[in-house]
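Shown next, in structure tokens, is the structure this report addresses.
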Amino acid sequence: MTIPNTIRITEELVAAHGLKPDEYQRILDLIGREPTFTELGIFSAMWNEHCSYKSSKKWLRTLPTSGPRVIQGPGENAGVVDIGDGQAVVFKMESHNHPSYIEPYQGAATGVGGILRDVFTMGARPIAAMNALRFGAPEHEKTRHLVAGVVAGIGGYGNSFGVPTVGGEVNFDARYNGNCLVNAFAAGLARTDAIFYSKAEGVGLPVVYLGAKTGRDGVGGATMASAEFDADIDEKRPTVQVGDPFTEKCLLEACLELMETGAVIAIQDMGAAGLTCSAVEMGAKGNLGIELDLDKVPVREERMTAYEMMLSESQERMLMVLRPEKEHQAEAIFRKWGLDFAIVGKTTDDRRFRVLHQGEEVANLPIRELGDEAPEYDRPWVAPETRPALDPAGLPPTDIADALLKLLDSPDLSSRRWVWEQYDTLILGNSLQIPGGDAGVVRVEDHPTKALAFSSDVTPRYCEADPYEGGKQAVAECWRNLTATGAEPLAATDNLNFGNPERPDIMGQFVRAIEGVGEACRVLGFPIVSGNVSLYNETLGEPIPPTPTIAGVGLIPDWSYMARIAFPEEGQAVLLAGAPENWGEHLGQSAYLREVHGKAEGTSPPVDLAHEKRVGDFVRGLIRAGKVTAAHDCSDGGLAVALAEMSVAGGMGAHIDSPPGNPSTAFFGEDQGRYVLTCKVDDVDELLDAARAADLSLFTIGTTGGSELKLGDARAISVTEIEEAHEGWFPHFMQD
Amino acid sequence: MIKARVIVTLKNGVLDPQGKAIEGALGGLGFSSIGSVRQGKVFDVELDTADRAQAEAALEGMCERLLANTVIEDYSIAIT
Amino acid sequence: MIKARVIVTLKNGVLDPQGKAIEGALGGLGFSSIGSVRQGKVFDVELDTADRAQAEAALEGMCERLLANTVIEDYSIAIT
Amino acid sequence: MKSAVIQLPGLNRDRDMIAALTKVSGRSPVTVWQTETEIPDVDLIVLPGGFSYGDYLRCGAIAARMPVMKAVAEKAAKGVMVIGVCNGFQILLESGLLPGALMRNASLKFVCREVKLQVANANTAFTRSYAPGQIIRCPVAHHDGNYFTDSKTLERIEGEGQVVFRYVEGTNPNGSINDIAAIVNRGGNVLGIMPHPENLIESAHGGTDGRLLFESVLGKAA
Ligand SMILES: Nc1ncnc2c1ncn2[C@@H]1O[C@H](COP(=O)(O)OP(=O)(O)O)[C@@H](O)[C@H]1O
Ligand SMILES: [Mg+2]
């Protein structure tokens with residue numbers, strides 16, 4: 001089946017391309033004539049939500065994106081941050097939600113492939129990956145299938161490509177039943193003097209196509225990512241792309257080798273709407289035109305039309321502008337790695353995007369306007385309603401030990417070992433902390449002491465109850481997790497997953513969440529340097545909870561002063577930093593409330609950002625001074641769960657004092673800005689003095705040791721029992 | 001007992017990285033006549049039943065529910 | 001051009017972890033008649049030649065040298 | 001001691017291996033690309049882990065048929081030490097330099113975790129720095145590490161001390177027959193090992209149990 005370029009443009013056809021009538025009118029006004037079929041395809045790709053950010057742009061502009069260490073903020077394939085010594089960390093996160101729901105293995109695999117490409121396109125060798133996953137209720141019929149496929153797909157791609165996966169998230173909630181989320185993060189290392197950008201320079205230079213051949217994969221995929229699912233989802237299936245990690249690994253090596261030769265002027269990977277977006281971006285940024293000759297494009301299927309070639313989302317492909325005198329050297333490198341190499345066009349001085357196919361000019365469009373003149377909306381929004389606070393007095397009393405075991409054995413708080421043991425967490429030989437702690441840590445190769453920490457966070461139930469506080473909390477938790485290893489949080493990337501922005505209530509969630517994210521980033525000095533927006537995450541009118549995933553990177557100057565979560569030694573003091581007098585008091589929207597009392601009530605825990613920063617800076621200072629022997633932040637499940645995780649990781653228990661006030665709120669409250677620390681008994685006074693001097697709370701709450709965890713007056717639980725509860729849920733759910 | 005062979009192949013147009021790599025390797029080994037290679041799976045299944053119609057229905061169900069990923073694969077069933 | 005289908009299966013007695021797991025999974029899905037499952041591979045090969053004898057010889061060579069691991073696998077060739 | 005690391009497209013633990021050899025022996029190995037037909041004069045040749053040719057078709061199958069493997073076989077025949085780790089082990093099996101096959105893990109899943117290994121033969125060039133029966137920690141990271149061979153071969157390799165490491169009971173991550181994790185050839189100069197000793201050689205790795213393997217074959221670094 002082939003599609004000629006002479007198809008008549010009808011109203012239906014325009015609508016099928018996801019273009020609204022006023023958007024189509026905009027096209028007519030812009031080019032002064034009816035577009036050809038191929039041109040219509042190009043516009044639909046460039047102007048859909050996924051590529052144009054037409055609903056989100058206005059709000060993204062409000063995020064802080066610069067800082068003393070930021071070399072490149074949003075606007076390129078990935079953000080770039082200086083880590084000293086002439087090196088930079090390059091990172092980004094991106095969603096592959098819809099493809100993963102349709103075909104979990106390949107959808108997740110190609111999501112990982114896409115984000116790795118974004119990173120090495122900039123000249124960075126990938127050194128770490130993470131994945132943030134949200135699935136429907138465990139009991140929903142599709143959930144297990146999606147979990148199995150997505151996890152296998154992420155591992156299948158990342159393991160074969162050869163990047164350690166050092167972190168991520170998994171949540172379950174019925175609101176994701178019809179729309180799972182797969183957000184993939186990758187980071188790489190580059191020299192600050194060898195970063196590559198997408199801006200083309202120079203007229204008449206060869207535009208080179210590299211990598212795998214073009215097939216009909218995903219034709220219409222970018223359009224799909226911007227449309228709500230409806231009942232005819234099966235019809236959309238043939239657009240599934242298959243990942244080829246082997247080719248991508250070869251592409252990585254070939255690109256880095258080529259970059260070393262000085263041949264590369266501009267480079268852009270082919271992601272969504274492949275050839276179209278990459279060519280337009282290179283030309284528009286350089287204020288140049290691009291002429292493509294599709295007869296030169298390596299194809300793997302017969303009789304492909306211009307339309308299909310321009311919209312194909314075949315994976316593992318790149319577009320470059322090369323120095324003509326280095327063309328042969330470049331070609332030799334690509335042949336060595338068994339990759340396709342073809343000159344498919346040239347840069348021109350007319351600022352037109354011209355596409356030739358079989359002797360015919362199938363597109364001739366103004367290149368800058370394709371991007372710049374894309375519609376931008378200020379969509380109407382309504383502020384989300386605030387919820388009444390929870391009155392904890394109304395809750396029946398619970399047994400603290402039973403409640404803790406129940407939490408540890410629940411879908412959201414159980415160990416994710418089943419997931420991360422399917423990922424290669426060790427490859428490259430630099431992993432200092434693998435998943436299971438607060439942040440993954442990878443040492444900087446060839447540097448004697450430096451390391452980078454990575455964490456990805458968001459708590460959708462908080463965002464649902466209060467998008468503004470939830471947005472703040474996502475940033476704060478990420479910042480806190482990096483800090484808990486001793487890292488200085490440098491910068492972050494975001495993946496904003498929401499429902500249909502044409503609904504004012506959803507748009508309200510989006511706006512408030514961004515405001516919260518922005519505020520937290522400003523106060524914490526944690527700029528957003530790259531990111532991705534995924535809207536229309538809803539099925540048959542059921543939206544997902546607002547899910548602004550934040551992934552951050554931190555710098556550890558000397559990893560011999562790095563903290564881990566494991567209780568290190570018997571007889572050490574256990575301390576709680578940053579907590580209120582009664583240790584904890586906020587039960588609204590807590591995991592405890594949901595799992596033990598079956599309620600989703602109250603407000604989300606507020607984040608006092610100034611306090612957050614002061615506590616974090618204080619804790620980091622102690623870690624770096626070698627005064628702290630373990631550190632762990634309190635998040636889902638509060639203090640009790642943090643202590644249990646530290647026990648299991650260290651293989652030893654602890655004796656915790658009876659808290660002042662209500663034990664349930666003390667042990668299970670989810671108050672923000674708190675850390676559990678351990679230190680040598682001899683150092684306790686010094687630490688308490690330091691806290692007093694900094695005007696921060698620090699309480700001694702117990703002592704490590706023994707084979708049981710005893711929380712105040714509650715029954716002591718053996719560490720074995722804790723571990724069994726914690727490790728039990730996932731394998732049991734997956735029926736292993 | 002009924003024996004059957006199920007063959008699962010990638011749909012037309014779906015990328016087959018394995019087939020492509022094998023193609024390249026065969027070329028490298030000097031098989032110059034090699035055109036294209038597509039790789040699929042075969043399942044040899046034994047069923048504890050003597051009822052052919054029932055076996056056919058069961059095999060069809062197995063393909064739809066497990067053996068084939070019908071998003072990207074086709075299958076065929078032959079009772080032997 | 002000649003088209004052929006090559007089928008590679010595990011030798012009798014060679015452990016087949018995938019087949020075993022599929023057997024278990026099919027049982028779990030309620031296919032009670034399931035006896036045993038063995039998984040193999042199929043290759044659909046196109047050869048740029050019109051000479052059948054030459055094609056057969058080439059296919060035999062491909063199986064011996066690459067497509068099958070004759071330590072643990074058998075193969076069969078069918079020109080279609 | 002001079003060493004060489006073989007490089008094939010898709011191998012991805014070559015960087016780990018080069019770093020380990022450099023750290024243990026104090027000198028960096030030479031690298032040899034797949035199309036080379038000769039290997040320089042070295043005492044040790046290493047095939048690192050990864051996914052050569054994507055592990056498409058069968059793990060190590062396509063790699064085993066590349067020109068460089070002929071050169072490896074020639075060196076091995078002359079008594080040069082050869083180590084294949086993970087995918088390297090699979091390549092050695094596919095090249096016929098070692099007996100048996102590595103099949104899909106019994107769980108059908110990729111597995112990356114630390115296991116315990118017992119030294120089954122401390123009398124080889126690769127294990128002489130370990131004590132007989134010593135139990136060590138070592139990570140694994142593979143999808144196809146389920147060692148299998150027919151009963152006659154199994155009897156032979158067991159009888160001749162060709163099994164070098166075994167997964168300690170209860171930690172077999174893949175279903176390998178007789179818990180086999182590593183074997184040597186009859187000549188004692190070719191080792192195939194599924195776990196990754198190169199990822200446990202320095203304090204940053206949280207342990208150094210893998211180091212002794214390299215020290216055994218390279219001689220202790222000065
Ligand atoms: N939520 C966001 N916050 C900050 N920057 C964003 C966000 N979403 C997208 N961006 C930036 O916009 C640019 C275009 O994004 P995208 O189209 O996702 O990149 P790519 O073309 O590499 O897939 C990128 O530089 C990206 O970092
Ligand atoms: Mg944490």
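In what follows, every chain begins at residue 1, and chains take the letters A, B, ... in the order their sequences are listed.
Only the side chain of C:Thr9 comes within contact range of chain B, with at least one heavy atom under 4.5 Å from a heavy atom of that chain. Only the side chain of C:Leu67 comes within contact range of chain B, judged by heavy atoms closer than 4.5 Å. Contacts between C:Leu26 and chain B at a heavy-atom distance below 4.5 Å involve backbone atoms as well as side-chain atoms. Heavy atoms of C:Phe31 lying under 4.5 Å from chain B belong exclusively to its side chain.
A donor-acceptor pair is defined here as one N or O able to donate and one able to accept, closer than 3.5 Å; no such pair exists between the side chain of C:Asp44 and the backbone of B:Val37.
Most heavy-atom pairs under 4.5 Å with chain C, from the set B:Ser36, B:Gly35, B:Ser32: that is B:Ser36. Highest contact tally toward chain C, considering only B:Val8, B:Val6, B:Leu66, B:Leu59, is held by B:Leu66 [criterion: heavy-atom pairs under 4.5 Å]. The most heavy-atom pairs under 4.5 Å with chain B, out of C:Lys3, C:Arg65, C:Gln39, come from C:Gln39. Of the listed residues B:Asp48, B:Ile7, B:Ile2, B:Val45, the one with more heavy-atom pairs under 4.5 angstrom with chain C than any other is B:Asp48. Most heavy-atom pairs under 4.5 Å with chain C, from the set B:Met1, B:Glu23, B:Gln54, B:Arg5: that is B:Arg5.
The CG atom of B:Asn69 sits 12.0 Å away from atom SG of B:Cys63, with the distance rounded to the nearest 0.5 Å. Atoms CD1 and CG, from C:Ile79 and C:Leu47 in turn, are 7.5 Å apart once rounded to the nearest 0.5 Å. Rounded to the nearest 0.5 Å, atoms CD1 (C:Ile22) and CZ (C:Arg38) are 11.5 Å apart.
B:Thr80 approaches B:Ala4 most closely through the heavy-atom pair OG1-N, 4.0 Å. Taking every heavy atom of both residues into account, C:Pro17 and C:Leu15 meet most closely at CD-O, 3.5 Å.
Residue C:Lys11 places its NZ atom among more than 12 non-hydrogen atoms of other residues, nucleotides or ligands, all under 6.0 Å distant.
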